[in-house]
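Have a look at the structure below, then the notes.
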Amino acid sequence: MFKRISIFLYGLTSYAIFLATFLCLIAFVGNFPLLPASLDGVPRLLPLEALGIDILLLAMFAVQHSLMARPAFKRWWTRWVPVEAERSTYVLFSSLALLLLMVFWQPVGGVFWSAEHPLIRGLLYAVFASGWLLVLYSTFLINHFDLFGLRQVWLQLLGRPYRPLPFKTPGAYRIVRHPLYVGWFIAFWATPDMTMTHALFALLMTTYILSAIQLEERDLQVMHPEYADYRREVPMLAPRFGRSDKSLRNDETAA
Ligand SMILES: C[S@@+](CC[C@H](N)C(=O)[O-])C[C@H]1O[C@@H](n2cnc3c(N)ncnc32)[C@H](O)[C@@H]1O
């Protein structure tokens, strides 16, 4: 019983750290003066030095986030980490990698454009907020509590076996295959002040997410044979309206 309670508390702590990191990331990317660190600021290093550090920080996050998500890695490290705490540990490491990125991020200096009209600024902030909300909404569509390890630690506390969730395509997943990543793109690119630093962060994150999608989809096709059809019928990121499933099937028959 002691082990079960400890794993449950570990899962809760890891989730609390994730939530705090998520809120910090909103303030960091939006440059809201709530934290000691923000995406933009006065450069402290030479541009090339700052660029090198930022690329290194993002590469560290990318390697951690993608490597630890691979089924082979999970099989390997659950020899040491209790399988019920595997997802919570992944969430914890991802949060720590993001916190590290925020703390050591270096502004590079320079501005591409800055909106001055309050209406345009307000509009861009609204788009920015919609990106974060889309991220959060998408997590609830596929199961927020499973995605962040809470379901796993709760079931083990009750002594019930964990059953992986089935593949599903509710709500926004019927329009695009990766609504959560679309949310990230919106949150990272929508800003009233597009500085060089902001563009660099958005570009690096975009590049990483586009490559992470390839790995995620490879695993999804292995785990869920129906993913191949889903992949054919639903666009990856850009919604395509007006093409019904029926027309897609007709295209395939004609081909
Ligand atoms: C961070 S979420 C991102 C989900 C999706 N790529 C998106 O952008 O909305 C990654 C996890 O979601 C799972 N996943 C992706 N698509 C899914 C779906 N349609 N149904 C259930 N799980 C899904 C993957 O297996 C992975 O564990």
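Please read these numbers as outputs of a predicted model, since none were measured by experiment. Read the numbers this way: they start at 1 and go in the same order the structure lists the ligands and their atoms.
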Nitrogen or oxygen atoms of H178 and ligand 1 under 3.5 Å apart: yes
Test of proximity, T169 against ligand 1: N or O pairs below 3.5 Å: no
Check: Y90/S14 side-chain N/O donor and acceptor closer than 3.5 Å: no
Flag for T206-W189: side-chain donor and acceptor within less than 3.5 Å: yes
Parallel, tilted or perpendicular: ring planes of Y15 versus F18, cut at 30 and 60 degrees: tilted
Aromatic plane relationship, F140 with H144 - under 30° parallel, 30 to 60° tilted, over 60° perpendicular: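 Geometry flag for F140 against H144: parallel rings.
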Nearest heavy atoms of W105 and R44, plus distance in Å: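 Between these two residues, the closest heavy atoms are O-NH2, 3.3 Å.
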From CA spacing to verdict: side-chain hydrogen bond (donor to acceptor under 3.5 Å, both in side chains), S138, Y173: CA-CA 8 Å; S138 306; Y173 282 87; 4.9 Å; no
Identify, for [atom], the protein heavy atom at the shortest distance, and state residue, atom and that distance.
atom                    : result
atom 21 (C) of ligand 1 : I142 CG2, 3.6 Å
atom 27 (O) of ligand 1 : R87 NH1, 4.5 Å
atom 1 (C) of ligand 1  : Y181 OH, 3.9 Å

Any idea which atoms of ligand 1 are less than 4.0 Å away from a heavy-atom of [X]?
X    : result
E216 : 3 (C), 4 (C), 5 (C), 6 (N), 10 (C), 15 (C), 24 (C)
L220 : 15 (C), 16 (N), 25 (O)
K168 : 18 (C), 19 (N), 20 (N)
Y173 : 4 (C), 5 (C), 7 (C), 9 (O), 19 (N)

Sub-4.0 Å heavy-atom contact, L147 with ligand 1: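 Judged by the 4.0 Å heavy-atom criterion, L147 does count as contacting ligand 1.
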Ligand 1-proximal atoms of P179, by part, heavy-atom distance under 4.0 Å: both
Working for salt bridge (charged side-chain N to carboxylate O under 4.0 Å, His left out), residues R87 and D146: CA-CA 8 Å; R87 191 69 194 177; D146 191 273; over 6 Å; no
Side-chain touch L19/F148, heavy atoms, less than 4.5 angstrom: no
